[in-house]
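Shown next, in structure tokens, is the structure this report addresses.
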Amino acid sequence: MHAAQLLRTLLPSMIAALMLAGLAGPVHAKDAAKAKPAAAPVELPQPLTPEAIRELVSRLSDQQVRALLIEQLDRGAVKQKVDATMGDMVGAMGEESATMRERAAVILGAVGALPAALRLVVTRLTDERGALHLLEIVGGILAMLLVGWVVETAFRRLVRAPLERVRQGPTSSFSAAAARVVLNVVLEALALALFCAGALGLFFALWQGHAASRVVVLVTLGAVIVYRAVAIASRILLAPREPARRLLPFDDAAARRLHGGVVRFMLIYVIGLGTATAFRALGVQEEVLALLSFVLTLVLLAALLDTTWRAREDIGRLIRGSGERNALIRLLADLWPVLASVYFVAIVVARILELLSGPVMRSNAAIISVLLVIALPIADMILCRALSALTGPPAGGAQQPRLVASYETVLRRAIHIVVLVVGFLVLADVWQLDLFSFAQRSLGGRITSALFGIAVVLLLAYIAWEIVNTTIERRMKAETPQDATTPASRLRTLLPLFRMVMLATIFVMATLSLLAALGVNILPLLAGASVVGVAIGFGSQTLVRDIVTGAFFLVDDAFRLGEYIEVGNTKGRIEKITARALFLRHHRGQLNVLPYGEIRQLKNNSRDWMVMKLEFRLTYDTDLDKVKKILKKIGAEIAADPELGKDLLEPLKSQGVYSTEDSALVVRAKFMAKPDGSIFMIRRVAYDKILKAFKENGIKFAHRQVTVLVPSSTEEAQAALAAAGAAAALAAAQAEGKPGA
């Protein structure tokens, strides 16, 4: 129920209760306070009906009735205060609207004051000298411009020959093109400065001290210089008539459209601003100046919208780029003219509000923001082009890219981020936004005040990680062998571990820097981290042993990626190395994980060289000289083979008789080769050739056999058979590796 209605309902009952209390006799306040304790707060019954109100009042004391009455009156006062505040706001808005309507009527009424303003301007300029003085002013302005043009033309003719030589020079390198652009800008600036100097020289030579004439002449000269400066800058960037010198990626038609739009906009701007400046200096009333400003704002808006929609397709293609972009980029390319038009209209509305009700925003900041938004992509494009030139192939037609080419992606991202951050800070300064003071006043206090520091830390950490990662990836790619079976270099083995260490280092340093930027004292964290590290070291001795042992193995260069090693009964090719363990891939496919701390003895089969030995069991009647010649010939054939010979370090040769057995001569041969898969291929080819050569030359391999002598008598025959059986059993046992009986 509303508070006023509640008061109207309760007030008669309360008054009746007070009258009854008065009839009963006055009670002193102190006595009442001593007699009764403080009354508890009264809760109104729900729902609040007349019967419930009468029942409530009948059981309340005088003090409780007074407290309830004061509470309800306070609520009514607060309600009236809120209503008054809302009324003040509504009234202020009404007053502001009335002021704006009055101001609009005054500005529109200034249309009738234009003839009087023009007569005032003519009067100030002629100063009772007659209309001929106006012709003198116009003639003086034309003479100034003519003298400036003559001085500028003379300068251009002096520098035409060297400038043409520079323009006709080589354009293949970025440095030559950049030097040409810089020289062109400098010459154009010098030409414009000489034009200004010549015009001002004539002005000071002929000026006779007439203040009004001086204002008109100087304003006109300033407008011409500003217009020409903007036109020169647009011509340098767009080069509508010289596609070879164009800096922005537009075709001829788009360049002409954009250049024409810029020139038209600046022409309208300088004419309007110059006229308003001259009128203000000559004493024209403010209402007329406001009318001129209003008209100029609308005309400039029309020029901006016309240029925007004429160039919508050209700018849209530039936003989309040459490659495939995401849907957001395509949407931005389609909607950019709408967004730009809304922004321009908002600027005009703000300017009109300034004219009608006083300054509410900085319209100049809005214009500067537009120029900055145009300038930032141009600066980003120029920096990226310079980066592309630095990262391209070196001069002289070499095919290998420069070292910095590996970091092109990282540096390009850094350029985008830096340009964006700088543009954001400049925009904040243009709009007079003190981000740091705002952060300190806003919610979060110290946290939000450190946003800039946090952003810098994250940016530096990102760039540092990208540079480190790119460097390691580039080096790993160079160090990785093309053949999967070839062991990697020592650097290639250590680079993944180094990348993990660098990632952890950058992460820890960035985290500590962020905490420091947030105002957190990191010294206790460092001390606590050291204590925790010691505790982990004592509690996880096996883990520490594995890591430390692995570090020493890597320092000693005991193994590398891709090498074939044997550790006890485990063997295989090293497939992966971590901070704690080795991953060995057996030649049959099994993957063995071996902690470093479990390695007691390691056999590396992939270092420097290997000696392969071959054994042959030949009969006793073998011609050993012939065997030696055959092996030597086969060794020469293998060494001459283009595929096998490149991995052979020492050719196959005979080592003579290694040992003798009951029925065979054990002959050995050996060769030395590189420790990779080719050594087994050489062994296979050597065996094939040796078997064929021995067969062709009648060299026989010895077989295990037992010679039995058969005696003439039966008893001797049985004894001989028994002896032969025992000998055969012994020979079989020896062949199986069992001890003899």
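Just so you know, these numbers use all the heavy atoms, side chains as well, and skip hydrogens, waters and symmetry mates. For reference, positions follow the sequence shown, starting with 1. In this text, all values refer to a predicted model and were calculated from it rather than measured experimentally.
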For a quick test of reading the model, state the closest non-hydrogen atom pair linking [X] to [Y] and the distance between them.
X      : Y      : answer
Leu238 : His259 : CD1-N, 3.5 Å
Ile268 : Ala303 : CD1-CB, 4.1 Å
Val215 : Ala281 : CG1-CB, 3.5 Å
Asn184 : Ile236 : ND2-CG1, 4.2 Å
Ser341 : Pro337 : OG-O, 2.7 Å
Gly261 : Thr307 : CA-OG1, 3.4 Å

Between Arg257 and Glu313, is there a salt bridge with N-O shorter than 4.0 Å?
no
Test log, rule side-chain contact (heavy atoms from CB on, under 4.5 Å), inputs Val159 and Leu190
CA-CA 11 Å; Val159 299; Leu190 287 176; over 6 Å; no
Less than 4.5 Å apart, any side-chain heavy atom of [X] and any of [Y]?
X      : Y      : result
Met500 : Leu503 : no
Arg317 : Phe250 : no
Val418 : Val422 : yes
Leu300 : Phe344 : no
Val338 : Trp309 : yes
Arg156 : Glu188 : yes

Do other residues, nucleotides or ligands put more than 12 heavy atoms under 6.0 Å from Arg310 CZ?
no
When you look at CZ of Phe279, are more than 12 heavy atoms from neighbouring residues, nucleotides or ligands closer to it than 6.0 Å?
yes
Short side-chain to backbone donor-acceptor contact, Thr275 and Ile271, under 3.5 Å
yes
Is the backbone N or O of Leu289 less than 3.5 Å from a side-chain atom of Ser293, with the two atoms forming a donor-acceptor pair by type?
no
What's the separation between atom [atom1] in [X] and atom [atom2] in [Y], rounded to the nearest 0.5 Å?
X      : Y      : atom1 : atom2 : value
Leu202 : Leu145 : CG    : CG    : 10.0 Å
Ile415 : Leu420 : CD1   : CG    : 13.5 Å
Leu339 : Thr308 : CG    : OG1   : 11.0 Å
Leu273 : Met266 : CG    : CE    : 9.0 Å
Ile315 : Leu258 : CD1   : CG    : 5.0 Å
Leu114 : Glu287 : CG    : CD    : 11.5 Å

Steps toward side-chain contact (heavy atoms from CB on, under 4.5 Å) verdict (Leu218, Phe203)
CA-CA 9 Å; Leu218 291 180; Phe203 168 75; 3.9 Å; yes
Run the side-chain donor-acceptor check on residues 191-199: report pairs under 3.5 Å with partners two or more places apart or on a different chain.
none

Can you list everything that forms a side-chain contact (heavy atoms from CB on, under 4.5 Å) with Arg241? Sequence neighbours excluded, please.
none
Could you give me the CA-CA distance, side-chain angles and deciding distance for Val295 and Val299, then say whether side-chain contact (heavy atoms from CB on, under 4.5 Å) is met?
CA-CA 6 Å; Val295 174; Val299 175; 4.2 Å; yes
Check the pair Ile141, Val216 against side-chain contact (heavy atoms from CB on, under 4.5 Å), reporting the backbone distance first and the verdict last.
CA-CA 9 Å; Ile141 293 174; Val216 173; 4.3 Å; yes
Quick note, salt bridge (charged side-chain N to carboxylate O under 4.0 Å, His left out) partners involving residues 497-507, not counting sequence neighbours, are Glu473-Arg499
